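Below is one structure, written out as structure tokens, with a few remarks after it.
In this text, all values refer to a predicted model and were calculated from it rather than measured experimentally. In what follows, chains carry the letters A, B, and so on, assigned in the order in which the sequence lines appear, proteins first and then strands, with residues in each chain numbered from 1.
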Protein chains: 2
Amino acid sequence: MSQQDKMIEELFHNADELTEKQKKIVAAAIDSFAEKGYAATSTSEIAKKAGVAEGTIFRHYKTKKELLMAIVAPTMAKLIAPFVIKDLNKVLNQDFERLEDFLKAFIENRIQFLKSNMPLFRIFIQEIPFQPELREQFKEHIAQKVLERLRQIVEHYQAKGQIIEMPPDTVIRVAASTIFGYIIARYLLSPEEKWDDNAEIERTIQFLMNGLSPEK
Amino acid sequence: MSQQDKMIEELFHNADELTEKQKKIVAAAIDSFAEKGYAATSTSEIAKKAGVAEGTIFRHYKTKKELLMAIVAPTMAKLIAPFVIKDLNKVLNQDFERLEDFLKAFIENRIQFLKSNMPLFRIFIQEIPFQPELREQFKEHIAQKVLERLRQIVEHYQAKGQIIEMPPDTVIRVAASTIFGYIIARYLLSPEEKWDDNAEIERTIQFLMNGLSPEK
DNA sequence: TTTTAAAATGAGTGATTACTCACTTTTATT
DNA sequence: AATAAAAGTGAGTAATCACTCATTTTAAAA
């Protein structure tokens with residue numbers, strides 16, 4: 001079983017309940033959706049790649065869209081998982097006195113996750129403009145829970161004088177842009193280029209720290 | 001008339017050679033492609049929306065993909081137009097002594113352009129992962145000409161001590177992330193939200209300046 | 001007014017689409 | 001071993017797809 005297959009299995013926590021053929025269908029769908037897009041991928045193509053009959057797909061997923069949702073929804077949940085832990089502020093107080101330490105730990109953790117789930121991340125950002133249901137789920141979870149958490153974190157470090165006085169939403173926006181900008185450039189735009197990842201992450205954090213630290 | 005304006009007018013010029021029906025086809029296609037995506041839009045739908053027969057589309061565009069390219073290619077050219085002007089460094093020396101002034105003028109100019117062409121920008125970023133021909137064109141023009149220009153600009157301001165010593169490509173990446181991050185958040189993710197655009201652009205530039213300025 | 005070429009049409013093409021269903025095979029329960 | 005339920009199958013379906021082409025309409029030159 002490949003690393004990717006393991007990852008996929010881990011991601012779908014109810015993977016035990018999936019049959020062998022179902023796992024193959026999911027893997028094939030992820031592959032094709034990421035490569036050609038959801039709309040341009042046919043169910044016959046997925047069936048062929050998975051080595052199953054086309055009818056088998058519709059035994060487990062009523063529609064093609066239901067298959068998409070079954071794939072993307074758990075990924076979204078995992079992506080935002082670190083924000084949903086209960087006592088985030090306690091963790092912050094104990095382990096991350098300095099903003100830089102928090103940023104470093106956080107960025108490296110999330111990059112590691114996305115690196116292992118790049119096809120799923122790709123599908124997610126590609127399909128979110130076209131799937132109202134997906135957008136609904138995203139807004140409900142991200143906008144309400146994650147943004148709220150992030151605001152707390154920003155205000156936490158602002159109170160400690162480590163982040164410039166600026167509306168928390170703006171701080172979140174520029175920080176998120178910088179981080180996702182790195183991930184997208186590194187793994188989607190120019191994955192074939194030579195990257196000194198450690199140095200590049202270091203510089204990205206340096207830029208973020210400079211940009212966010214109060215002026216002297 | 002500036003060199004830039006000339007460039008833009010030149011790109012608009014062939015619009016006169018389009019038939020009335022052809023213009024309606026292009027408008028309908030932009031509308032549908034932006035809303036549902038290229039693959040999920042049928043030619044019959046475009047014809048219906050444009051009020052023409054389906055055959056009329058194929059009289060002017062051999063294939064559906066050719067219609068897409070005819071729409072997106074000029075947009076790409078217009079987007080990068082400011083970078084292609086010949087004596088950019090002269091302009092810089094004369095008008096933009098300070099990086100902040102350059103950033104402000106540049107960002108506001110490009111935001112204005114994208115604001116007026118949001119559906120086209122949307123189609124562009126949505127389809128570039130799936131259209132090798134589009135990606136080819138993009139890389140050929142952006143990677144070679146625009147990146148080269150941007151490196152010159154970065155090095156120009158680094159030599160003047162206004163940008164931190166850092167690989168130019170990294171500077172370009174974090175700056176582009178910040179700027180596109182604002183545009184995407186403002187016009188694609190949350191266009192319905194209340195935005196104090198002037199203040200938000202001001203803060204974005206402030207963050208950029210802080211992040212890029214040499215440490216003291 | 002006549003001529004001519006480009007523009008526009010829409011019924012028709014074979015291929016492909018998402019999905020169904022009667023049926024067979026596998027697995028679990030007794 | 002018998003039975004039932006679940007999993008898997010693949011030929012078949014109507015609808016839709018991108019695209020063609022013989023024909024008609026439009027418009028400008030001669």
Atom CZ of F58(A) and atom P of dC23(C) are separated, to the nearest Å, by 22 Å
Quick test of your reading of the model: are E140(A) and K145(A) salt-bridged, counting only N-O distances below 4.0 Å?
no
In numerical order, the residues of residues 29-39 of chain B whose heavy atoms come under 4.0 Å of DNA chain D are none
message = Distance to the ring centre below 6.0 angstrom and angle to the axis at most 45 degrees; does that hold for R135(A) and F138(A)?
response = no
Note to self: If we ignore hydrogens and angles and just use 3.5 Å, is the side chain of R110(B) paired with the main-chain N or O of L79(B) as donor and acceptor?
What the structure shows: yes
Whole-Å distance, I57(A) CD1 to dC21(C) P, equals 17 Å
Could you go through E54(A) and T43(A), starting from their C-alpha distance and side-chain angles, then the distance that decides it, and tell me whether this counts as side-chain hydrogen bond (donor to acceptor under 3.5 Å, both in side chains)? CA-CA 7 Å; E54(A) 203 172 345; T43(A) 49; 2.8 Å; yes
Side-chain contact, heavy-atom cut-off 4.5 Å: F207(B) with L208(A)?
yes
When rounded to whole Å, the CD to C1' distance for the pair E66(A) and dA18(C) reads 14 Å
Review point. If you measure from the Lys or Arg side-chain nitrogens to the Asp or Glu carboxylate oxygens, is any gap between K104(B) and E202(B) under 4.0 Å?
Key: yes
To the nearest angstrom, the CZ-P distance between R59(A) and dT26(C) comes to 16 Å
Exam field: side chain T63(B) to backbone E66(B), donor-acceptor pair closer than 3.5 Å | yes
When rounded to whole Å, the CD to C1' distance for the pair E45(A) and dA18(C) reads 14 Å
- Message: Regarding S42(A), tell me which of base, sugar-phosphate or nothing describes its non-hydrogen contacts under 4.0 Å with the strands shown.
- Response: sugar-phosphate
Contacted region of DNA chain D by chain B, from 5' end to 3' end of the hits, cut-off under 4.0 Å to heavy atoms, spans dC17(D) to dA22(D)
- Query: Is the distance from OP1 or OP2 of dA6(C) to the nearest side-chain N or O of H60(B) less than 4.0 Å?
  - Reply: no
Sequence neighbours left out, cut at 3.5 Å: what donor-acceptor pairs do the side chains of residues 120-127 of chain B make with other protein atoms?
from, atom 1, to, atom 2, distance (Å)
E127(B), OE1, Q131(B), NE2, 3.3
E127(B), OE2, Y38(B), N, 3.2

Separation of dT9(C) atom P from K48(B) atom NZ, nearest Å, is 16 Å
Do R151(B) and E148(B) meet the salt-bridge criterion of a basic N to acidic O distance under 4.0 Å? no
For this session: Under 4.0 Å between any heavy atoms, over every strand shown, what does E54(A) touch: base, sugar-phosphate, or nothing? Just pick one.
Result: base
Exercise for the section: For dA18(C), take OP1 and OP2 only and decide whether either is under 4.0 Å from a side-chain N or O of K64(A). Expected result: yes
* To do: Using a 4.0 Å heavy-atom cut-off across all strands, classify T43(B) as base, sugar-phosphate, or nothing.
  => base
